[in-house]
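Worksheet: one structure, shown below.
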Amino acid sequence: MERVVKTGFGWRIGWNPDAPEFKGLVGTDDWAIELTEAELNDFCRLLAQLADTMKQLATELMEEEKIACEAESDLLWMEVEGYPNDYSLRLILNTGRCVEGKWDASAVPDLLQATGMLKVF
């Protein structure tokens, strides 16, 4: 497997299996942070979990009702906020690097799709 970086409007995600420590990368057009493999795995897993939760809540909420959902691991905390089909994403690393990032709602669907295909090459 070789290094891959996927980008779209307002997001980017990458994987470099040959990197010594920071094999992953997440960010937007304006910022990026390198992640360890474990952090990247948690990012992908928690994002999928949050997306599934938002999908399940769609039938429980009225159209104009917004919601926020959180998910956390030992390595990072994530939150989605908005409508079940249109929500932003926040990330805070729980490790010593003190990083916080945010993706606009317009970027999240494509970022979510890219996380599912990142290591499939």
Side-chain angles (χ1 to χ4, degrees):
M1 182 184 296
E2 62 185 54
R3 184 175 108 170
V4 62
V5 176
K6 295 185 160 291
T7 62
F9 182 73
W11 64 272
R12 58 183 151 159
I13 188 166
W15 170 247
N16 182 359
D18 297 327
E21 183 176 2
F22 298 108
K23 296 178 184 282
L25 174 105
V26 295
T28 69
D29 299 332
D30 300 321
W31 63 270
I33 179 71
E34 291 180 318
L35 301 176
T36 65
E37 183 173 4
E39 291 167 341
L40 182 64
N41 289 340
D42 278 5
F43 177 84
C44 295
R45 180 180 57 80
L46 293 176
L47 180 53
Q49 179 183 326
L50 287 166
D52 286 344
T53 300
M54 291 298 271
K55 189 182 295 182
Q56 291 173 10
L57 290 173
T59 60
E60 308 287 327
L61 302 172
M62 296 188 310
E63 275 187 41
E64 65 277 358
E65 197 171 4
K66 287 185 175 183
I67 191 164
C69 295
E70 299 177 6
E72 186 172 15
S73 74
D74 290 342
L75 303 174
L76 50 96
W77 172 90
M78 294 173 65
E79 175 189 59
V80 291
E81 182 177 17
Y83 302 101
N85 60 351
D86 187 37
Y87 49 86
S88 62
L89 171 66
R90 285 184 51 211
L91 160 75
I92 297 176
L93 288 183
N94 289 336
T95 57
R97 288 175 295 172
C98 302
V99 174
E100 182 173 350
K102 182 177 181 183
W103 290 264
D104 292 331
S106 60
V108 174
D110 290 339
L111 176 61
L112 176 62
Q113 184 178 12
T115 61
M117 301 179 346
L118 187 62
K119 294 183 181 180
V120 178
F121 300 96

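For reference, positions follow the sequence shown, starting with 1.
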Name each donor-acceptor pair under 3.5 Å that joins a side chain in residues 89-101 to protein atoms two or more places apart or in another chain, with its distance.
from	atom 1	to	atom 2	distance (Å)
R90	NH1	E79	OE1	3.3
R90	NH2	E100	OE2	3.0
N94	ND2	E72	OE2	3.3
N94	ND2	S73	O	3.2
T95	OG1	E39	OE2	3.3
R97	NH1	E34	O	2.8
R97	NH2	E39	OE1	2.4
R97	NH2	E39	OE2	2.5

Could you tell me which non-hydrogen atom of [X] sits nearest to which non-hydrogen atom of [Y], and how far apart they are?
{"X": "A107", "Y": "G10", "value": "CB-O, 3.5 Å"}
{"X": "L40", "Y": "G24", "value": "CD2-CA, 3.8 Å"}
{"X": "P84", "Y": "M54", "value": "CB-O, 3.4 Å"}
{"X": "T28", "Y": "R12", "value": "O-NE, 2.7 Å"}
{"X": "C69", "Y": "T53", "value": "SG-CG2, 3.9 Å"}
{"X": "E70", "Y": "L50", "value": "C-CD2, 3.8 Å"}

Quiz prompt | Heavy-atom check, side chain of L57 versus side chain of I67, under 4.5 Å | solution = yes
Self-check item: K6 vs W11 side-chain heavy atoms within contact, under 4.5 Å
Solution: yes
Nearest-0.5 Å distance that lies between atom [atom1] in [X] and atom [atom2] in [Y]:
{"X": "L111", "Y": "S106", "atom1": "CG", "atom2": "OG", "result": "11.0 Å"}
{"X": "W15", "Y": "L35", "atom1": "CH2", "atom2": "CG", "result": "10.5 Å"}
{"X": "N41", "Y": "L46", "atom1": "CG", "atom2": "CG", "result": "10.5 Å"}

Hydrophobic clusters here meaning ILVMFWY residues chained together by side-chain heavy-atom distances under 4.5 Å, can you tell me if [X] and [Y] are in one?
{"X": "L75", "Y": "F22", "result": "no"}
{"X": "L25", "Y": "I13", "result": "no"}
{"X": "W31", "Y": "L76", "result": "yes"}

Quiz item: Tell me, which pairs form a ring pair (Phe, Tyr, Trp, His ring centres under 6.0 Å) where one or both residues lie in residues 36-89, sequence neighbours left out?
Solution: F43-W103
Quiz prompt | Pairs meeting criterion salt bridge (Lys or Arg N to Asp or Glu O under 4.0 Å) with involvement of residues 42-59, two or more places apart | solution =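 Pairs touching residues 42-59 that pass the test: D42-R45.
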